[in-house]
Asks: 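Here's a structure for you.
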Amino acid sequence: MDLRIKTFEEYEHAYNASIADPEAFWSSIAEKFVWYKKWDTVLDWNFEEPRVKWFEGGKLNITENMLDRYLVDQPDKIAFHWEPNDPEGTNQSITYKELYHEVCKTANALRSLGVKKGDRVCLYMPMRLEAIISIIACARIGAVHSIVFAGFSSAALSDRINDAQAKVVLTSDGLNRGTKQVDLKSMVDEALESCDTVESVIVLNCIDSSPNMVEGRDYDFNELIQDMDNECEPEPMDSEDLLFILYTSGSTGKPKGVVHTCGGYMLFTAYSFQNVFQYQDDDVFWCTADIGWITGHSYIVYGPLLSGATSIVFEGVPTYPDAGRFWQVCEKYKVNQFYTAPTAIRALMGFGLDYVNKYDLSALKVIGSVGEPINEEAWRWYYDHIGKSKCPVVDTWWQTETGGIMLSGLGNLSPMKATYAGYPLPGIQPVLLNGEGEEIKENNEEGYLCMKFPWPSILRTSYGDHERCKNTYFSNYEGYYFTGDGAKRDENGMYRIIGRVDDVINVSGHRFGTAEIEDAINTNEFAIESAVVGFPHDVKGQGIYAYVVVDNDLKNGTEEIIASLSESVIDGIGRIARPDKIQIVSGLPKTRSGKIMRRILRKIAEGERTNFGDTSTLLDPSVVEQIIQNAL
Ligand code: WTA
């Protein structure tokens with residue numbers, strides 16, 4: 001199924017057509033997919049409620065478009081090459097036909113456990129083919145998957161299971177990550193102590209650890225599926241039925257479940273995949289993200305399979321056994337399109353070029369970046385040394401909520417400018433707003449990045465809390481979707497993302513709300529009050545700086561307290577959210593009305609020591625002095 005634009009002129013033409021008549025534009029793309037019944041209406045929307053419906057009344061099953069349709073023309077084409085954590089380990093390859101049968105067996109297994117259309121299934125799994133098979137198996141039977149990154153703690157897992165009211169959890173005994181083995185099953189057991197909706201747990205054996213299995217609840221993955229039929233009738237779904245929930249952090253409260261639906265997400269992930277990466281039939285694509293993040297959902301699973309592509313699933317990490325691992329894998333599979341995060345590039349830059357130059361990267365055609373702004377130095381290194389100054393860098397800006405890539409170059413078709421994400425994809429209508437909510441028409445001015453028209457894979461709601469969805473994304477600027485990012489546009493219409501303008505911090509491409517980290521800190525017995533901000537970090541993009549007021553009556557050593565605070569974050573969220581710096585303070589700078597002045601804390605974390613602007617509203621200015629004296 002070819003959805004590719006082939007020249008920049010064609011892009012301009014498609015873009016204009018998509019603005020002039022979005023319904024006609026997206027219908028002509030929808031026609032290329034397999035539907036059991038055509039839709040009644042193309043688009044029904046209103047950003048005030050908000051309500052967005054694409055292709056309502058259309059009946060389909062997304063997996064029919066990922067697997068069944070390819071059984072005719074390319075059953076023996078490789079869908080995935082799986083590369084294990086250990087380079088000495090045995091890699092696996094799976095064809096479209098084999099994948100189809102494995103998915104059917106797993107789907108039948110889920111049905112045998114009573115999973116029906118609309119039920120939620122939680123996945124807490126390593127980067128194994130079985131994880132991908134399980135995701136697709138859910139979609140096959142209309143179950144709603146909710147993947148939780150296997151680096152989150154058991155507390156974070158149980159929050160997500162409870163919010164989604166999941167019926168089944170798929171997990172493994174453990175996982176391999178570099179030199180480490182992580183025990184996942186006991187994390188699940190711990191999480192389930194406070195979850196009462198889960199009826200069954202399916203456990204994949206990955207590390208031969210013979211985990212504790214609860215009789216009547218826990219099933220071995222392979223034993224369960226081995227006798228299942230390898231054909232499974234797909235569940236007919238409405239275009240607007242739920243496909244999945246994915247939890248992501250916002251500026252306030254607990255992470256929220258971003259909801260995506262079947263039809264629109266299908267169209268946009270396939271369309272953006274083919275166009276941004278300019279994927280061609282015999283290419284090998286590699287997205288290094290984890291399936292626990294939206295990038296893994298859209299560009300490991302859905303976009304590539306909908307396009308009939310061959311891609312890589314990688315279990316390991318960029319620096320194990322050494323910093324050449326990515327490039328070794330690129331050489332081994334002759335990767336044509338490589339897609340990773342700036343944090344990985346910055347980390348690998350530090351190890352020098354010997355690790356790069358050992359490998360043949362000549363198959364590369366397009367190299368991509370995602371998750372955070374890419375700084376000029378990292379961009380140059382990536383372009384010069386990985387792309388050998390001949391591969392375009394596609395700097396793809398998008399979000400969990402947008403479902404797919406919104407701003408980016410399209411392979412080698414578009415002009416490119418370091419640190420600029422570039423142009424909007426067809427169908428995407430970005431605007432920059434000023435503080436008054438007015439559209440900024442001038443070039444090179446910073447504004448709030450918003451969208452004024454729906455695209456097919458925009459989030460539909462926050463699971464179980466539509467009001468929250470409205471307040472988070474559709475209330476700041478009436479009639480617009482607000483991204484939470486600041487951006488500017490140059491004289492050629494290219495966009496540059498500045499970064500988040502809300503209380504979300506982006507650490508190595510992982511999103512955390514400052515409130516969420518503070519909540520975890522505040523569960524600690526020593527903590528009275530805390531404030532968390534981000535600060536610039538050479539490798540991670542942003543680091544986490546926590547200011548904590550502790551109980552003075554407790555006579556513990558500072559180091560011990562700091563370690564304990566750190567542990568609370570690891571327990572509450574996961575190791576990935578552990579603060580880089582924790583400063584014990586006697587008080588936080590507050591206004592007379594009791595609001596914490598984060599602006600000041602952010603500046604101190606950035607290294608500012610003198611210039612804090614207007615501090616006249618501070619209740620007690622001496623607090624700031626004290627914080628500065630001990631700043632880390
Ligand atoms: C940031 C990841 C600059 C941005 C797909 C956004 C980026 C947040 C880029 C979403 C990029 C993502 N340049 N910033 N190319 N890509 N971001 O939901 O702040 O994990 O709002 O989705 O990451 O993160 P999320």
Side-chain angles (χ1 to χ4, degrees), residues 147-149 151-152 244-251 255-260 265 268-269 272-273 276 287-300 302-303 339-346 367-376 378-379 382 392-409 416-425 428 430 446 448-451 457-459 462 472-473 476 481-488 494-514 516 534 540-542 576-577:
I147 309 178
V148 178
F149 174 60
F152 279 118
F244 67 84
I245 305 171
L246 180 57
Y247 286 85
T248 191
S249 300
S251 11
K256 49 194 179 296
V258 168
V259 169
H260 285 290
Y265 181 82
F268 197 71
T269 51
S272 54
F273 170 73
V276 169
C287 164
T288 69
D290 190 280
I291 46 157
W293 311 114
I294 190 69
T295 308
H297 285 60
S298 301
Y299 301 109
I300 294 178
Y302 289 105
Y339 190 30
T340 197
T343 187
I345 299 167
R346 288 190 297 261
I367 53 179
S369 171
V370 59
E372 46 172 326
I374 179 165
N375 51 307
E376 178 128 21
W379 193 101
Y382 197 30
V393 174
V394 289
D395 179 2
T396 65
W397 175 86
W398 58 297
Q399 310 178 293
T400 307
E401 295 85 343
T402 70
I405 298 167
M406 304 281 282
L407 303 174
S408 172
M416 195 171 60
K417 186 166 162 183
T419 75
Y420 277 70
Y423 293 106
L425 264 72
I428 308 307
E446 248 178 79
Y448 300 113
L449 179 63
C450 294
M451 300 293 152
S457 62
I458 183 175
L459 87 160
S462 299
T472 312
Y473 308 106
N476 298 56
Y481 164 82
F482 174 49
T483 63
D485 279 311
K488 62 183 183 180
M494 295 175 89
Y495 284 83
R496 176 184 184 157
I497 305 298
I498 313 290
R500 300 292 300 199
V501 293
D502 53 6
D503 287 320
V504 168
I505 46 187
N506 191 327
V507 185
S508 300
H510 303 153
R511 263 169 81 167
F512 299 106
T514 53
E516 179 191 358
K540 299 179 180 182
Q542 277 189 298
I576 46 175

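Indexing begins at 1, ligand by ligand and atom by atom, following the structure's order.
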Asks: Which of the atoms of ligand 1 are close to Asn506, meaning less than 4.0 Å from one of its heavy atoms?
Replies: 1 (C), 23 (O)
Asks: Do Tyr265 and Ser298 get their side chains close enough for a donor-acceptor pair, meaning under 3.5 Å?
Replies: yes
Asks: Out of Ile497, Leu425, Thr396, which residue meets the side chain to side chain contact (heavy atoms under 4.5 Å, CB included) rule with Leu407?
Replies: Ile497
Asks: Kindly identify the option in Arg496, Arg511, Gln399 whose heavy atom sits closest to atom 24 (O) of ligand 1.
Replies: Arg511
Asks: Judged by non-hydrogen atoms, does Trp293 sit under 4.0 Å from ligand 1?
Replies: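 Contact check Trp293 vs ligand 1: negative.
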Asks: Does any N/O atom on Thr483 come nearer than 3.5 Å to any N/O atom on ligand 1?
Replies: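 Not met; the criterion fails.
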Asks: For atom 5 (C) of ligand 1, which of Trp398, Tyr495, Tyr420, Tyr299 has the closest heavy atom?
Replies: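 Among Trp398, Tyr495, Tyr420, Tyr299, the closest heavy atom to atom 5 (C) of ligand 1 belongs to Trp398.
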Asks: May I ask you to identify, for Ile497, whether its side chain, its backbone, both or neither come under 4.0 Å of ligand 1 on a heavy-atom basis?
Replies: side chain
Asks: Is Thr396 touching ligand 1 with its side chain, its backbone, both, or neither, if touching means heavy atoms under 4.0 Å apart?
Replies: backbone
Asks: With heavy atoms only and a cut-off of under 4.0 Å, state how Val504 meets ligand 1: side chain, backbone, both or neither.
Replies: neither
Asks: Pick out which of Arg511, Glu516, His510 makes a side chain to side chain donor-acceptor pair (under 3.5 Å) with Ser249.
Replies: Glu516
Asks: Would you say ligand 1 has an N or O under 3.5 Å from any N or O of Asp395?
Replies: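 Yes; the residue has a nitrogen or oxygen that sits under 3.5 Å from a nitrogen or oxygen of the ligand.
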Asks: Any donor-acceptor pair under 3.5 Å linking the side chain of Glu401 with the backbone of Leu459?
Replies: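 Not at all, since once roles are kept as given, no pair shorter than 3.5 Å links the two residues.
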